[in-house]
Amino acid sequence: MQKKNFYITTTLPYVNSKPHMGHALEFVQADVIARYQKLIGNDLFFNTGTDEHGQKIYEKAIDENKEPQAYCDEYAEKFKVILDKLNILKEIHFIRTTDIHHISATQTFWKLCEDNGDIYKKAYKIKYCVGCELEKTDSELVDGRCPIHPSFELREIEEENYFFKFSKYQEPLLSFYEKNPEFVVPDFRFNEIKRFVEGGLMDFSISRLKEKMPWGIPVPGDETQVMYVWFDALINYISTLGWPEDTENFLRFWGNKDTPNAIQIAGKDNLRQQSAMWQAMLLSAKLPTSKQVIIHGFITSEGQKMSKSAGNVVDPFEISEKFGTDALRYWLTREMNTFEDGDFTMEKFTDSYNGGLANGLGNLVSRIMKMASTNGVSITREMDFANDNEFEILRDHLSKYEIKRAADEIWKIIGELDKKIQETEPFRLVKTEPEKAKQIIGELVGEVWKIAYMTEPFLPETSEKIFRALKNPSEALTPLFPRI
RNA sequence: CGCGGGGGAGAGCGGUCCGGUUGCUCGUCAGGCUCAUAACCUGAAGGUCAUGGGUUCGAAUCCCAUCCCCGCAACCA
């Protein structure tokens, strides 16, 4: 099989809050795909990082009495810690939108769009709450008023901002979608964005007055303005590759216009930004588009949106500390519907842990390894992903990013093995026909090897433990997942 | 007429695109096994697949209408 270059990126979390379950979901989903690609022998560029500019960060920093940069440093660190905690591939690139190189790349990008006539200045009306002394977006308002200060009338202030000619890209985007029928996965999200673009596009504001909000990347050639955070943040997907200087790396992983290569994963709230706005920006800069955008759902808790006020926030850090990284990864990949919303409760979590991990995978490995060590049976076969047809089903699902379905296939095998042990009874047969029993146990050990191999993208730590046990069947195996 | 998702055994989900004995997980009940983490295997009970109409030999699935729940509605994973 020919080696390919594979690029995948998450969205960059905005550092206005610490890592939560939704971030964990996206990191783990991306990691499963990345690990799988690595396993089948492809060269990998895996990207994530932190989105650090903008008004909200600026305010938070002031609230916490910190310099914005110091505040961001602190939060970027928190995200690095959660990546580690989730056992995300160490080779992941971690870009920060305050990185010097990102800043210069963004300014270059801006100039490309500007040269193409897609950036212009226009008076822009903003709604301003005198109570908060802040600008408010329409989505923040309740009944047209600031929810915190409903007694104040909102003031309309006019300021000059730069705008991006999004409207110009309605037709180009639609024809691009037409030519790339798999551009957004799953298909119902693709329909959603098509309908949105068909409905007409409004140019969007891409800068802010520096004197009001200095925490942004300076607009080239205009000292009075900084870029609006969205414009800057999206560019990370290519600045992380060393664009614009490192054209070789860029072509290798981002691809060219005929064969775009970048896979992006994002939450459903990011559908527009990733699959329309960002693609229009790339078209404007005359750069290749992304290859595919994968959209996942949200995690609710007790059927409701997680929020501090509802008191139902589940901390991924705590869960993995308490039950293990792979227990959390298992839940995120197998219990969650890959493309839809899922609900997290402690009860569901422990049920799935006990069922799938303790009674399922853990117990199966225990019973087979015990028989193997008692009877001196060791591993007899080895396979690999790239060449073996045994993995075809898994391959089919993962090439479509059907993470849950791929995991389901593994657990189907686990169930069949439990059944096979019961039906062939090697533990009993060993007393009457030891050779035949050993042969069966040998087959079972081979199956455990296969499971360890297939499990690696999902549960890397467990996979490693099983491999270790397979090499030393005589060593006592501690339960992989004690019941909880 | 804004967009989208959903209504199904006690609970949670597949299945719906491309009509043809409702499938899975957990729970309950009965039996079996003893290699294993009170784990594992077999079987059973339990559903008018939201409602009303239509198409069809046949509808959870297609069409029309209605009711209810939940997100989003330009920058919140």
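Proteins get letters first, then strands, A, B, ... in listed order; numbering begins at 1 in each.
Under 4.0 angstrom from either OP1 or OP2 of B:A39 there lies at least one side-chain N or O belonging to A:R483. Look at A:K370 and you'll find a side-chain N or O under 4.0 angstrom from OP1 or OP2 of B:A36.
Counting all heavy atoms, side chain and backbone alike, A:C72 lies closest to A:V15 at SG-CG2, 4.2 Å. Of all heavy-atom pairs spanning A:L357 and A:A327, the tightest one is CD1-CA, 3.8 Å.
Stacking is found between A:F298 and the pyrimidine-like six-membered ring of the B:A77 base under the 5.5 Å centre-distance and 30° plane-angle cut-offs.
Pairs of Watson-Crick or G-U wobble type, with distances under 3.5 Å, assemble into runs of 3 or more in RNA chain B at these ranges: B:2-7 with B:67-72, B:10-13 with B:23-26, B:28-32 with B:40-44, B:50-54 with B:62-66.
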For nucleotides 24-33 of chain B, which of its nitrogen or oxygen atoms have a protein nitrogen or oxygen under 3.5 Å away, and what is each distance?
unit_1, atom_1, unit_2, atom_2, d
B:C33, O3', A:R428, NH2, 3.2

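A:F481 comes within 4.0 angstrom of a nucleotide base, judged by non-hydrogen atoms across all strands. Residue-level contact check: A:N363 touches the bases, meaning some heavy atom is under 4.0 Å from a base atom. Within the nucleic acid shown, A:N337 comes within 4.0 Å of sugar-phosphate atoms alone, with no base atom in reach, counting heavy atoms only. Among the protein residues, A:T11 comes within range of the sugar-phosphate backbone only, with heavy atoms under 4.0 Å from sugar or phosphate atoms but none that close to a base.
In this structure, CE of A:M281 is placed 20 Å from P of B:A74, rounded to the nearest angstrom.
Donor-acceptor pairing under 3.5 Å is lacking for the side chains of A:T345 and A:E347.
Between the P atoms of B:C64 and B:U25, the separation comes to 36 Å (whole Å).
Salt-bridge formation is not detected for the pair A:R329/A:E461: no Lys NZ or Arg NE/NH1/NH2 atom is positioned less than 4.0 Å from an Asp or Glu carboxylate oxygen.
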